Amino acid sequence: MNQPQKNTPKKPMTAITPTREDDFAGWYQAVIKSADLAENSPVRGSMIVKPYGWALWENMQKTFDPWLKDYGVQNTAFPLLIPVSFLAKEAQHVEGFAKECAVVTHHRLEADGKGGLIPSSKAELEEPFVVRPTSETIIGDAMSRWIQSYRDLPLQLNQWGSVMRWEMRTRLFLRTSEFFWHEGHCAFEDDAGATKDCLTILDMYEKFFRDYLAFDGYKGVKTAEERFPGADQTYAFESIMQDGKALQAATTHNLGTNFAKSCGIKYQNRDGKETFAHTTSWAFSTRTIGALIMIHGDDDGMIMPPRIAPTQVMIIPVMKDDTQTSTILDFCDSLTRQLKSKGFSVKTDNRDMRSSDKMWDAVKKGIPVRIEVGAREVEQGQVTCVRRDLGKESKKTLAVHEFVETLPQILDQIHDSLLSKSTALKTAYTQNLKTLEDVKSFYHAEGKGCVKVPVSLLQDTGLEAIKETYSLTARVMPFEDEGQTVLLAKAY
RNA sequence: CGGGGCGUAGCGCAGUCUGGUAGCGCAUCUGCUUUGGGAGCAGAGGGCCGGAGGUUCGAAUCCUCUCGCCCCGACCA
């Protein structure tokens, strides 16, 4: 699947088979495999994030975490296991998550007499734990003790970790039983504080996605139906994939006083009266890696946005015979040091492989800039430079100093180009329609992508059937239309 | 959990209908020639045919049961 195959003569050879057009889901998996981002594990539904994929996630954390701290958020670590009784506290919340919880019921194993191990019947827990599907309840419990006075507010907490939701159908990055994320949990004096928090964080997400991950999307409010279980209001950033489906890249929730009431988060207000705090929670997950793939990737594989790419520049030595090896490698080495000292993430691929294979490897991994250094370049003090997003047509030879000086611009150009492609994708896959009939005929005619319709259609009893028929859901009511429209789409 | 597909060498697959010595391509290893977008020739190694039971002289192939993966739904970040 990750190997080149003889495509039909008409199509140019691609590094990835199947192509996006042939089979989008198959293409998606092939990209992950070819880029060596992640793989399935022996644990059903749980992935192994491989070093290259994890490096990407680490870069996301490194970028985003300081923003949170700057805003006033403090990092914490709460237990992986949550007492079942905690989860049971908030009615909506239970209903939302109970059916996808992994439960820990024992604390000891014993031999089953057949060479295996089973939970010991003598070691059953009095109260089972659930592996956290999200941490509102256990953090809420702590908040109820930590918050006494309005002086303790706002309390802004976050943790980087993983959670588990027992999903029926899993797909690498997009939906796995265990997934990695950050989860912010904050408490405020009033609704104004909580709402402002949700919107501030949502803006932060948008900035992160646009300025670092180079993708566009719709910021807005979720419909009542699509709200987080236990939230008064859910905000989201919805992005559009190359197959026209929507993907929720991040959400923020105004939990109102729902969790404050169920967890007992009360404080004495400025008038000395006991008052419930207003809490929020917000998150983005390793799912955004799936979004990166489906937004930027092409038939040659991954395309990493330069500002988040684990490796921004891959230097490929092109050796003809042994006599040149050391001078070429020295040249690469000095170039690497030069670029590293300027803060770029650079690698020289000096593996003992054919150079053309190394080039394809860099292509499939989506490394933004590829540099080829052979005898010619060494002699002339030049480098040959190729942009991943534009392919071999963009191959250019530059003097070394010129390359080093312009690299920031090259990376910015790649970023800008990816972002504007993503905006174009979003626009091309959004139809502005007025009536249910329009929606029906659009999808009936095999229309691909999302439709934006007046919010009043949510009231229309005919909408359900259409949503059902075409597997649509209400994604978000975009801010750009001031809540007057709602985006309907198939979604990941 | 429903409907469909699939588990055979590291990867991708054929062989299964019609039971009879385990195959192909790529990758790997060796040698020589090559090297600027997936090199050529010659040779070599590699398998409990997902697992467990059956039927049979004989099972990758037939039967039963299981486990896992993929796609489309339902559920969802």
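Values in this document were obtained by computation on a predicted structure and should not be read as measured data. Convention: sequence-line order gives letters A, B, ...; per-chain numbering from 1.
Taking a cutoff of 4.0 Å between a charged side-chain nitrogen and a carboxylate oxygen, A:K395 and A:E372 qualify as a salt bridge. Salt-bridge annotation for A:D203 and A:K219: present, with a side-chain N of the basic residue lying under 4.0 Å from a carboxylate O of the acidic one. Comment: A:K222 engages A:E238 in a salt bridge, judged by a side-chain N to carboxylate O separation of less than 4.0 angstrom. Here A:D352 does not pair with A:K358 in a salt bridge; the nearest charged N to carboxylate O distance is not below 4.0 Å. Ion pairing of A:K33 with A:E39 is absent here, as no side-chain N (NZ or NE/NH1/NH2) approaches a carboxylate O to less than 4.0 Å. Taking a cutoff of 4.0 Å between a charged side-chain nitrogen and a carboxylate oxygen, A:R210 and A:D216 qualify as a salt bridge. By the 4.0 Å N-to-carboxylate-O rule, A:R387 lies too far from A:E393 to be salt-bridged with it.
For A:I316 and B:G38, the CD1 to C1' distance is 12 Å, given to the nearest whole Å. When the C1' atom of B:U35 is taken as reference, atom CH2 of A:W360 falls 16 Å away, rounded to whole Å. In this structure, A:D357 places its CG atom 12 Å from P of B:G40, rounding to the nearest Å. Taking atom CZ of A:R351 as the reference point, atom P of B:U28 lies 12 Å away to the nearest angstrom. Straight-line distance from the CD atom of A:E39 to the C1' atom of B:C11: 13 Å, rounded to whole Å. A:K395 places its NZ atom 6 Å from the C1' atom of B:G37, with the value rounded to the nearest Å. Computed from coordinates, the A:D22 CG to B:C71 P distance equals 16 Å when rounded to whole Å. If you measure from atom CG of A:L472 to atom P of B:A74, you get 10 Å, rounded to the nearest angstrom.
Taking atom P on both B:A60 and B:U66, the two are 22 Å apart, rounded to the nearest angstrom. B:C17 and B:C63: their C1' atoms are spaced 15 Å apart (whole Å). With C1' as the reference atom, B:G54 and B:U61 are 15 Å apart, rounded to whole Å. B:U8 sits 6 Å from B:G50 when the P atoms are compared, rounded to a whole Å. When the C1' atom is used for both B:G5 and B:G31, the distance is 44 Å, rounded to whole Å. Separating the P atom of B:U56 from that of B:G15 is a span of 28 Å, rounded to the nearest Å. Nucleotides B:C6 and B:G10 have their P atoms positioned 22 Å apart, rounded to a whole Å. Spacing of C1' atoms, B:G51 relative to B:C69, comes out at 15 Å, to the nearest Å.
In the set B:G37, B:A77, B:G12, B:G12 carries the atom at the smallest distance from any side-chain atom of A:K33. Taking the side chain of A:R44 as heavy atoms from C-beta on, and the options B:U35, B:G68, B:G37, the nearest nucleotide is B:G68.
Nucleic acid contact class of A:R376 (heavy atoms, under 4.0 Å, all strands): base. Using a 4.0 Å heavy-atom cutoff across all strands shown, A:T176 reaches at least one base atom of the nucleic acid. Across all strands shown, A:V386 has heavy atoms under 4.0 Å from base atoms, whether or not it also approaches the sugar-phosphate. As judged by a 4.0 angstrom heavy-atom cut-off over every strand, A:N40 is placed among residues touching the sugar-phosphate backbone only. A:G96 comes within 4.0 angstrom of no nucleic acid atom, judged by non-hydrogen atoms across all strands. Using a 4.0 Å heavy-atom criterion, one finds that A:L174 contacts the bases of the nucleic acid, with or without backbone contacts as well. Nucleic acid contact for A:T384: base, since at least one base atom lies under 4.0 Å from a heavy atom of the residue.
With both pairing distances under 3.5 Å, B:C1 is matched to B:G73 as a Watson-Crick or G-U wobble pair. Of the nucleotides present, none pairs with B:U16 by Watson-Crick or G-U wobble criteria with both distances under 3.5 Å. B:U30 is paired with B:A42 under the Watson-Crick or G-U wobble criterion, all donor-acceptor distances under 3.5 Å. Using N1 to N3 plus N6-O4 or O6-N4 for Watson-Crick, or N1-O2 and O6-N3 for G-U wobble, each under 3.5 Å, B:U56 pairs with nothing. Across all strands shown, the partner of B:G68 is B:C6, judged by Watson-Crick or G-U wobble contacts whose two distances both fall under 3.5 Å. Checking B:U61 for Watson-Crick or G-U wobble geometry (two distances, each under 3.5 Å) identifies no partner in any strand. Base pairing annotation: B:C48 forms no Watson-Crick or G-U wobble pair, as no partner gives both donor-acceptor distances under 3.5 Å.
Annotation: of the two residues near RNA chain B, A:E372 and A:S356, the 5′-most nearest-nucleotide partner is A:E372. Judged by closest nucleotide on RNA chain B, A:R171 is the one of A:R171 and A:W181 placed further toward the 5' end.
At a cut-off of 3.5 angstrom, counting only N and O atoms as typed in the model, there is a donor on one side and an acceptor on the other between the side-chain of A:E377 and the base of B:G36. Judged by atom type and distance alone, A:R354 does not reach the base of B:G36 through any side-chain donor-acceptor pair under 3.5 Å.
Ring geometry for A:F284 versus A:W57: interplanar angle over 60°, hence perpendicular rather than tilted (30 to 60°).
More than 12 heavy-atom neighbours from other residues, nucleotides or ligands sit within 6.0 angstrom of NZ on A:K467.
The aromatic ring of A:F179 stacks onto the base of B:A77, its centre lying under 5.5 Å from the centre of the six-membered base ring with the two planes under 30° apart.
With A:E167 contributing its side chain and A:T170 its backbone, the two residues share no donor-acceptor pair below 3.5 Å.
Look at A:Q29 and you won't find any side-chain N or O under 4.0 angstrom from OP1 or OP2 of B:C69. Contact check, A:K99 against B:C1: no side-chain N or O comes under 4.0 Å of OP1 or OP2.
Residues from residues 281-294 of chain A that place a heavy atom under 4.0 Å from any atom of RNA chain B, listed by number: A:S285, A:R287.
The shortest distance between side-chain heavy atoms of A:Q382 and A:V400 does not fall below 4.5 Å.
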